[in-house]
Amino acid sequence: MENNLEKYLVTSALTYANGKLHIGHIVGSYLNADIFVRFQKLLGNDVLYIGGTDDFGTPISLKAEEEGISPQKIVDKFNRSMRTDLEGLNIQLDNFSGTSHPNHIKDSQDFFLNLLNAGYLRKKNLKQFYDEKLMRFLSDRYVEGNCPYCNSAGARGDQCDSCGKLLDAMELIEPKSKLSGEKPIIKSTVHWYLELPKFEEELREWLATKTYWKDNVKNFVLGWLNEGLQERGITRDLDWGVPIPLENTQGKVLYVWFDAPIGYLSSTKEWAEKRDEPEKWKDYWLDQNTKMIHFLGKDNIPFHTIIWPAMLSKQKEGFILPHDVPANEYLNLEGEKMSTSRNWTVWVEDYLKYFEGEYLRYVLAANAPETKDSDFSWEDFRKRVNSELNNVLGNLANRTCVFCNKHYDGIIERPVKLSELSQETLKEVYKLAAEIKISYSHYQVRKATKQFMDIARIGNKYFDESEPWKKVKVKKSEASETLYICFEILRVLTIVASPIIPKSMEILHDMIGIPETIVWANITKESFVYSMNNVQRLFRKIEEKEVKQQLEILQKNKKKLNKNNCHKPEIEFQDFAKLEIKIAKILSAEKIKKSNKLLHLTISIGNEERSVVAGIAKDYAPEDIVGKTVPLLVNLKPCKVMGVDSEAMILAVQGDNELALLHPDKNIKEGSEIS
RNA sequence: GGCGGCGUAGCUCAGUUGGUUAGAGCAUCGGAAUCAUAAUCCGAGUGUCCGGGGUUCAAGUCCCUGCGCCGCUACCA
């Protein structure tokens, strides 16, 4: 049997170290990986589970500046908080590292050098705009100016929206930094590009062997390939990152997406060192029998299916390539898209203040966004915990144990002969267990969850049909057989459900008092004696008021953020006086074709009419707003938006999810100025 | 507008490569039972599988088209 051992290297996508863990991270790449790892361990396979934080990049360095501490401090703080949260959810990685650890720097530099020496990196001299005020290079989309072709204002460095022409940022007339509004200077710089087009052929061939990948992943990758691969810059002018290992490259680092996946390797090496077997990582990374499986959310697919394999394939060491990339879709929250910037999510740390980690594991597993986006709601959470975990599984365990204690002093032995119903029942349970194995192997956690709950349902049904409470009074041995079978069912459950609710299943395992360990091979091996031990409730119920409380917390947090978010620097009155805002009447409105947000309005400010483009089409239909009076910023520099002249700007207010026009409190004649 | 996805019971969703009478859980209603965490078990269901057209002996499933919703993207809040 030992010869058949399979070897897995499982990873959860590195989490960006500028915040805490929330349920999106968990459902996207941690829980499904942990479940898979636990399952493989039950099978006795050799599994190593690796992860960590993604520590570099602009957002972290900006955050550090804001808070006046070093980026490393920020990163360390969140790395620690994530470890605690993962522990609270019983997600057990073999190593949780971070890309700012020293190992990682060296590994990433090696990757860079190997690619360079193999001829897959191209060095490009380029001129780039530089914002002197912020001391930062500006990528094309952060520069705007007048279009050299149609001369309309507001053209971005990469494209003019008025005439649609693709631009070179250097051609812009009167360029401005979008970040500071200052006029940027032109500075020359050097960057390295990964020449992805060179990999196309190889990648296609490699991908053709991945027939077993999930459809959503395969389609995504093919889409990318068919559009044609572009070379991608892998360096940036920044100081918080992995330095480029070449002469005269001060102030240049590797772009985060390049070094992040290398974190899987450096984290493995760190694991090996901690075990005092520094070469042990090679057992995984250099052994072609290792199946490397990356768990991640759909936004991460191209990096792991195109760029990362390309990078790996040109290293000297002969690393393995990803075997599978089971990407999950997104989880919504109460029907709305999750968003950390709006604080619309459930933070693990907060969750754990109120509920068991096991419950979240179960609910997220039962409702995982495997094939399409799914929704997490607190009401659904309550229902699943109460009517599934408690009523079906918890109650089966409880009624069996309590009955056994009451009538058999807590000990049940295997009957010599089993009735036909008992045999049939066991057979059915084994069959389901076998199906669960398939589900787990295919990452179908959702299905596995339903299936093990079905096993518990079989148990309840069998208990009822056998009526041991009647038999115990007349044929005590028959009633004992019923209990025995129920214990068998519980025993199977401790194995098949343990990847999803490991803690509860361990408790149950102790409760029913059997010596056999929880491993998959024991499923069909009947136990001979069950002896009760510290019988307790496995789960508690969630009350309606707890759901209400969580919903209130969500709403409260959401508002708090909006308030804090909108402080701008103090200004002088003269600054305000520069604005000419007048009350205007909307004369006509029509949709701008090819846009779903823009309306073309004709507006009157008394003696004058203007053409205005407004981005309000999502909240206002043209016919609804004709005749309305609204505030209008009159002296905004005119520009063209999608080919339409905009000679002023309507003022509107942004609510949580909608936009609202403003309206004077009294009847005011159009053209009146606001001050 | 471009790209991608989705539309199945009141709700949340399963439906493998086309193949009997379209399923599960929850909720609802009726019944049984009283070992158990007011838990369980049995029964009753209800469906224009978004609309229309096509391919086929056969379409929820494949093709075309219309509508609706979502995501990414572009966009003067």
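Chain A is the first sequence line, chain B the second, and so forth, proteins listed ahead of strands; every chain is numbered from 1.
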Novice: Rounded to whole angstroms, how far apart are CG on Asn398(A) and C1' on A36(B)?
Specialist: 6 Å
Novice: What is the distance from NZ of Lys372(A) to P of C70(B), rounded to the nearest Å?
Specialist: 16 Å
Novice: Using the C1' atom as the reference point in each nucleotide, state the distance between C26(B) and A9(B) in Å, no decimals.
Specialist: 12 Å
Novice: Rounding to an integer number of Å, can you tell me how far Asp299(A) CG sits from C70(B) P?
Specialist: 21 Å
Novice: Base, sugar-phosphate or nothing for Arg382(A)? Non-hydrogen atoms, less than 4.0 Å.
Specialist: nothing
Novice: Using a heavy-atom cut-off of 4.0 Å across all strands, would you classify Leu636(A) as base, sugar-phosphate, or nothing?
Specialist: base
Novice: I'd like the C1' distance from A39(B) over to C6(B), given in whole Å.
Specialist: 38 Å
Novice: Can you tell me the base-pairing partner of U16(B)? Count Watson-Crick or G-U wobble geometry only, both distances below 3.5 Å, and say none if there is no partner.
Specialist: none
Novice: Can you check whether any acceptor in the base of A33(B) is under 3.5 Å from a donor in the side chain of Asp464(A), or vice versa?
Specialist: no
Novice: Of all the nucleotides listed (A36(B), C76(B), U34(B)), which has the minimum atom distance to the side chain of Val613(A)?
Specialist: C76(B)
Novice: Would you mind reporting whether Asn32(A) and Pro326(A) have side-chain heavy atoms less than 4.5 Å apart?
Specialist: no
Novice: Between the base of U37(B) and the side chain of Asn390(A), is there a donor and acceptor pair under 3.5 angstrom?
Specialist: yes
Novice: Parallel, tilted or perpendicular: which describes the rings of Trp469(A) and Phe463(A), with under 30° parallel and over 60° perpendicular?
Specialist: parallel
Novice: Heavy atoms only, 4.0 Å cut-off, all strands: where does Arg540(A) land among base, sugar-phosphate and nothing?
Specialist: nothing
Novice: Below the 4.0 Å mark, does U40(B) have OP1 or OP2 next to a side-chain nitrogen or oxygen of Lys461(A)?
Specialist: no
Novice: If the plane angle is over 60° it's perpendicular, under 30° parallel, otherwise tilted; pick one for His407(A) and Phe403(A).
Specialist: tilted
Novice: With a 3.5 angstrom cut-off on both distances, give the Watson-Crick or G-U wobble partner of C62(B), or none if there isn't one.
Specialist: G54(B)
Novice: Rounded to whole angstroms, how far apart are CZ on Phe403(A) and C1' on A36(B)?
Specialist: 10 Å
Novice: From the options Glu356(A), Met453(A), Glu358(A), select the one residue that forms a side chain to side chain contact (heavy atoms under 4.5 Å, CB included) with Leu389(A).
Specialist: Met453(A)
Novice: If we call it a pair only when both distances are under 3.5 Å in a Watson-Crick or G-U wobble match, what pairs with C6(B)?
Specialist: G68(B)
Novice: Which value, in whole Å, describes the distance between the P atoms of nucleotides G52(B) and G43(B)?
Specialist: 35 Å
Novice: Check every strand shown and say whether Glu467(A) touches a base, only sugar-phosphate, or nothing at a heavy-atom separation below 4.0 Å.
Specialist: nothing
Novice: Can you tell me the pairing partner of U28(B) across any strand shown, Watson-Crick or G-U wobble, with both distances under 3.5 angstrom?
Specialist: A44(B)
Novice: Less than 4.0 angstrom from a charged side-chain N to a carboxylate O is my criterion; do Glu379(A) and Arg382(A) meet it?
Specialist: yes
Novice: With a 4.0 Å cut-off on heavy atoms, is Lys447(A) in touch with a base, just the backbone sugar-phosphate, or nothing at all?
Specialist: nothing
Novice: Does the side chain of Thr340(A) pick up a donor-acceptor pair with the side chain of Thr345(A) at under 3.5 Å?
Specialist: no
Novice: Nearest heavy-atom pair of Tyr16(A) and Pro59(A): which atoms, and what distance?
Specialist: OH-CD, 3.4 Å
Novice: Which nucleotide in the set U37(B), C13(B), U40(B) lies at the smallest distance from any side-chain heavy atom of Leu538(A)?
Specialist: U37(B)
Novice: Quickly work out the Leu393(A) CG to U37(B) P distance and round it to whole Å.
Specialist: 15 Å
Novice: Please work out if Tyr330(A) contacts a base, only the sugar-phosphate, or nothing of the nucleic acid, heavy-atom cut-off 4.0 Å.
Specialist: nothing
Novice: With P as the reference atom in both, quote the distance from U17(B) to C72(B) in angstrom, rounded to an integer.
Specialist: 29 Å
Novice: Could you pick out which residue, Ile650(A) or Asn332(A), lies toward the 5' side of RNA chain B when each is mapped onto its nearest nucleotide?
Specialist: Asn332(A)
Novice: Looking for any heavy atom pair under 4.0 Å, which part of the strands does Thr371(A) touch: base, sugar-phosphate only, or nothing?
Specialist: sugar-phosphate
Novice: Over how many whole Å does the gap from His600(A) atom NE2 to C76(B) atom P extend?
Specialist: 14 Å
Novice: For nucleotides G47(B) and U40(B), find the distance between their P atoms and express it as a whole number of Å.
Specialist: 28 Å
Novice: Taking the nucleotide of RNA chain B with the nearest heavy atom to each, does Asn391(A) or Glu329(A) sit closer to the 5' end?
Specialist: Glu329(A)
Novice: Which whole-number value in Å describes the distance from Asp373(A) CG to C6(B) P?
Specialist: 11 Å
Novice: At 4.0 Å (heavy atoms only), tell me whether Asn395(A) reaches a base, stays on the sugar-phosphate, or touches nothing.
Specialist: base
Novice: Partner of A74(B) by Watson-Crick or G-U wobble geometry, both contacts under 3.5 Å, or none?
Specialist: none
Novice: Just by distance, no angles: are the side chains of Lys541(A) and Asn391(A) close enough, under 3.5 Å, to form a donor-acceptor pair?
Specialist: yes
Novice: Of the options C76(B), G25(B), C35(B), whose atoms approach the side-chain atoms of Ser646(A) most closely?
Specialist: C76(B)
Novice: Please measure how far the P atom in G19(B) lies from the corresponding atom in G53(B), and state the result in whole Å.
Specialist: 22 Å
Novice: Given the C1' atoms of U12(B) and G66(B), what is the spacing between them in whole Å?
Specialist: 28 Å
Novice: If you measure from the P atom in G7(B) to the same atom in G15(B), how many Å do you get, rounded?
Specialist: 10 Å
Novice: Which base, if any, makes a Watson-Crick or G-U wobble pair with A33(B), both distances under 3.5 Å?
Specialist: none
Novice: Check the distance between A33(B)'s C1' and Trp469(A)'s CH2 and give it to me in whole angstrom.
Specialist: 6 Å
Novice: Is any side-chain N or O of Lys406(A) closer than 4.0 Å to OP1 or OP2 of A36(B)?
Specialist: yes
Novice: Is Lys450(A) close enough to G23(B) that one of its side-chain N or O atoms is under 4.0 Å from OP1 or OP2 there?
Specialist: no
